[in-house]
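Letters A, B, ... mirror the listed sequences (proteins, then strands); counts begin at 1.
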Number of protein chains: 2
Amino acid sequence: MNQFEAKVSIRLRPSVLDPAGEAIKSAASKLGVEGINSLRIGKLIEVNLEAKEEKEAKEKIELLCDRLFANKVIEDFDYDLKEVNE
Amino acid sequence: MNQFEAKVSIRLRPSVLDPAGEAIKSAASKLGVEGINSLRIGKLIEVNLEAKEEKEAKEKIELLCDRLFANKVIEDFDYDLKEVNE
């Protein structure tokens, strides 16, 4: 089995409001950091997994994203997958 | 002013337990996805901001990470910063 490392990014869809992001944006302005045009908070899920080949690793990650990581009504996902050698 | 885009990754420190990650890991196994060695959930914060130059943008992002985004007792952060042309 080969080892793979996936970094999955889960973002709120652009049409979905992000009140936590807005709160941080306004806190930034109180902190004196000006010039922030947008700020959105998403999730970063890092997975180390075993698979025979890249195709199998991709299938596993896509199934996980689809069924467990993202709520597809309000979120989009993408991922980077790379093989890691021990 | 130039436009910059920062992708900030906030991760739990390796010594900090991640019960939500463990719950997803065990749900993955119930879903039939085997071979997951580790799964950790972090935050991904995407910021678009204006700054005169890259150095100023970096300073702003580091201040935000330090003071607002991450809880440095339990979390680490890193970021990618790039200039975006309209």
Worksheet, complete the sentence: Here the gap from B:F69 atom CZ to A:L39 atom CG, rounded to the nearest 0.5 Å, amounts to 4.5 Å
Worksheet item: Given a strict heavy-atom distance threshold of 4.5 Å, which part of A:K7 is in contact with chain B: side chain, backbone, both, or neither?
Response: side chain
Worksheet entry | Part of A:E34 within contact of chain B (heavy atom distance under 4.5 Å) | backbone
Worksheet item: What residue among A:N48, A:V47, A:L49 forms side chain to side chain contact (heavy atoms under 4.5 Å, CB included) with B:S38?
Response: A:N48
Item to complete: Flag the pair A:I10 / B:L44 as yes when at least one side-chain heavy-atom distance between them is below 4.5 Å, and no otherwise.
Response: no
Worksheet entry | Within 6.0 angstrom of B:R13 CZ, more than 12 heavy atoms from elsewhere | yes
Practice prompt. Please report the shortest heavy-atom distance between B:L68 and A:I24, naming the atom on each side.
Written response: CD1-O, 3.9 Å
Discussion item. Among B:K43, B:R40, B:R11, exactly one meets salt bridge (charged side-chain N to carboxylate O under 4.0 Å, His left out) together with A:E46. Which residue is that?
Written reply: B:R11
Worksheet item: Going only through I, L, V, M, F, W and Y residues with side-chain contacts under 4.5 Å, is there a path from B:L81 to B:V84?
Response: no
Worksheet entry | Most chain A-contacting option - heavy-atom pairs closer than 4.5 Å, from B:L31, B:V8, B:N37, B:I41 | B:N37
Worksheet entry | Side-chain donor or acceptor of B:K60 paired with backbone N/O of A:I36 under 3.5 Å | no
Discussion item. Could you check whether any side-chain heavy atom of A:L64 comes within less than 4.5 Å of a side-chain heavy atom of B:V33, counting everything from C-beta outward?
Written reply: yes
Discussion item. In this structure, would B:I45 and B:L12 fall into the same cluster of hydrophobic residues linked by side-chain contacts under 4.5 Å?
Written reply: no
